[in-house]
Number of protein chains: 2
Amino acid sequence: MKSYHHGNLKQELIDCACRLCERDGYTKLSIRTLAKESGVSQTAPYRHFETKEALYASVAQDGFNKLSKAIHVDVDKKVNKKQIVDMAIKYIEFGLKNANTYDLMFGTAVGNFAEYPELLESANSSYENFRSSFSQLANDSDEVIAFKCITLWSMVHGLVGILRKAQVVADNSMVNPEAGPMSSAILIAGNLEDHLDKVISGIIEN
Amino acid sequence: MKSYHHGNLKQELIDCACRLCERDGYTKLSIRTLAKESGVSQTAPYRHFETKEALYASVAQDGFNKLSKAIHVDVDKKVNKKQIVDMAIKYIEFGLKNANTYDLMFGTAVGNFAEYPELLESANSSYENFRSSFSQLANDSDEVIAFKCITLWSMVHGLVGILRKAQVVADNSMVNPEAGPMSSAILIAGNLEDHLDKVISGIIEN
DNA sequence: TGTATTATGTTAGCAGTGTCAACATTTATA
DNA sequence: TATAAATGTTGACACTGCTAACATAATACA
């Protein structure tokens, strides 16, 4: 039954790569096992992805698309502070639940987004969600909006990184939980909504 | 002249690894080339580092030690807001100037710091610099200090990540600089001190 | 001091990787 | 229908992390 041509290999490779990257981390992914998983020869993926980085770019792009959906805010309703807080929480949840994919999106595995225009567009579009919500909050200039937006994004992005480190250490709990930044991070994670509410208020009323 | 035993191989391997990791990124580092660089056989490094991850841990540890020095604030003098701003700027500069090492410190290459107690201690000690400076600013409870501290750290850490992405894209300038988060990030980078001053004020007076 | 132990180095080799060149087959196009 | 393009396969190269078995030097101890 199996024909010489697969028919839908590219998409199947991407789907499979997304699954494996999220399950095992992108460093564990090999093109060869990916090909085997799709029942195709070792080098077949090279007809669709010039390099491994190009494959990573596709996985990262998929990640940004999912992130956009996850943090989406209905633009019809007027945006208020609570919605921004919600968005921040959803962002952090996405980062923690899709930790390995998040690495690919914000790490250095894909060196230069500009080499992958589709990825760049998906990434920018994710940010645009963020920005447009912010822009409805007050009558700020574009520059002020950019300022506030980057501030919040940086903090939320940074929190994901720090909470993840804390998670790993806490999961293995081999250290004194009284010491170090990890314990502080865990404190905050336990009270994330309040924390974000305060910080976001601070940024908005800046 | 060259004796069978190297004499100082472990330290030389670490130094060399730090150099190469920072120059080419840790993904490009191979134990074999590292050994060659030190004029020693392919497998000699395994007498000093059980796995490649253990080597990464040493490089990361060195990074945290350097970070501690870079952001160090003289504890004799009473700490004021300007010093916190300075510290934040030095942190960001460190992250941007030692971008590849920074990846190793805060990425996932070393999965669990608790497996490398010396690394964990260096990392915690870096944070302690941050925290103790903060604690002198006001008479806050430990919990409030932890809160403020993590907030600032997350933001500063997140900024490093985002500014780096912006840098790469800007360096290659293949995209419309009017669109996307990158341009906003560049705006802020050009005015980093003012930006941080505002944000830090917001956090302190929270 | 002489010997046993440990630390540190070497060689050879396995299984796995990204990538390329050459070739095969199917699909699209003129 | 002939030709070109797309998509697949096989085989191979150079490289990787890592292990086992062995060699030599430094150290500890009788």
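- Side chain A/R32 to base C/dG16: no donor-acceptor pair is found below 3.5 Å.
- Between the CG atom of A/L34 and the C1' atom of C/dG16 there is a distance of 16 Å, rounded to whole Å.
- The cationic group of A/K198 lies under 6.0 Å from the six-membered ring centre of B/F147 and within 45° of the ring axis, placing it in a cation-pi geometry.
- Following rounding to the nearest Å, B/Y46 (OH) and C/dA7 (C1') show an atom-to-atom distance of 19 Å.
- For B/I31, the side-chain atoms get nearest to D/dG17 when compared with the rest of C/dT10, D/dG17, D/dG8.
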Side-chain polar contacts of residues 102-111 of chain A - donor-acceptor pairs under 3.5 angstrom, sequence neighbours left out - could you list them?
{"unit_1": "A/Y102", "atom_1": "OH", "unit_2": "A/Y91", "atom_2": "OH", "d": "2.8"}
{"unit_1": "A/Y102", "atom_1": "OH", "unit_2": "A/H157", "atom_2": "ND1", "d": "2.5"}
{"unit_1": "A/D103", "atom_1": "OD1", "unit_2": "A/R164", "atom_2": "NH1", "d": "2.8"}
{"unit_1": "A/D103", "atom_1": "OD2", "unit_2": "B/T108", "atom_2": "OG1", "d": "3.2"}
{"unit_1": "A/T108", "atom_1": "OG1", "unit_2": "B/D103", "atom_2": "OD2", "d": "3.2"}

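- Using a 30° and 60° split on the angle between ring planes, A/F113 and A/F64 fall in the perpendicular class, above 60°.
- Judged by distance alone, with hydrogens and angles left aside, B/T43 brings a side-chain donor or acceptor within reach of the base of C/dT11, the pair sitting under 3.5 Å.
- Atom CG of B/L13 and atom P of D/dG17 are 13 Å apart (whole Å).
- For D/dG8, one of the phosphate oxygens OP1 or OP2 lies less than 4.0 angstrom from a side-chain nitrogen or oxygen of A/H48.
- Looking at which nucleotide of DNA chain C each of A/K28 and B/S41 is closest to, the 5′-most match is held by B/S41.
- Here A/L29 lies in heavy-atom contact (under 4.0 Å) with sugar-phosphate atoms only.
- Here C/dG18 presents its P atom at 14 Å from CD of A/E53, a figure rounded to the nearest Å.
- Regarding A/R47, its CZ atom lies at a distance of 14 Å from the P atom of C/dC23, rounded to whole Å.
- A salt bridge does not link A/K90 to A/E93: none of the charged nitrogens lies less than 4.0 Å from a carboxylate oxygen.
- In this structure, CG of A/L55 is placed 14 Å from C1' of C/dT17, rounded to the nearest angstrom.
- A/T33 comes within contact range of the sugar-phosphate backbone alone, with a heavy-atom separation under 4.0 Å but no base atom that close.
- Atom NZ in A/K52 sits roughly 8 Å away from atom C1' in C/dT17 (whole-Å rounding).
- Per the geometry, CD belonging to B/Q42 stands 9 Å off P belonging to D/dT16, to the nearest Å.
- Of the inter-residue distances, the one linking A/L159 atom CG with A/I92 atom CD1 reads 5.0 Å to the nearest 0.5 angstrom.
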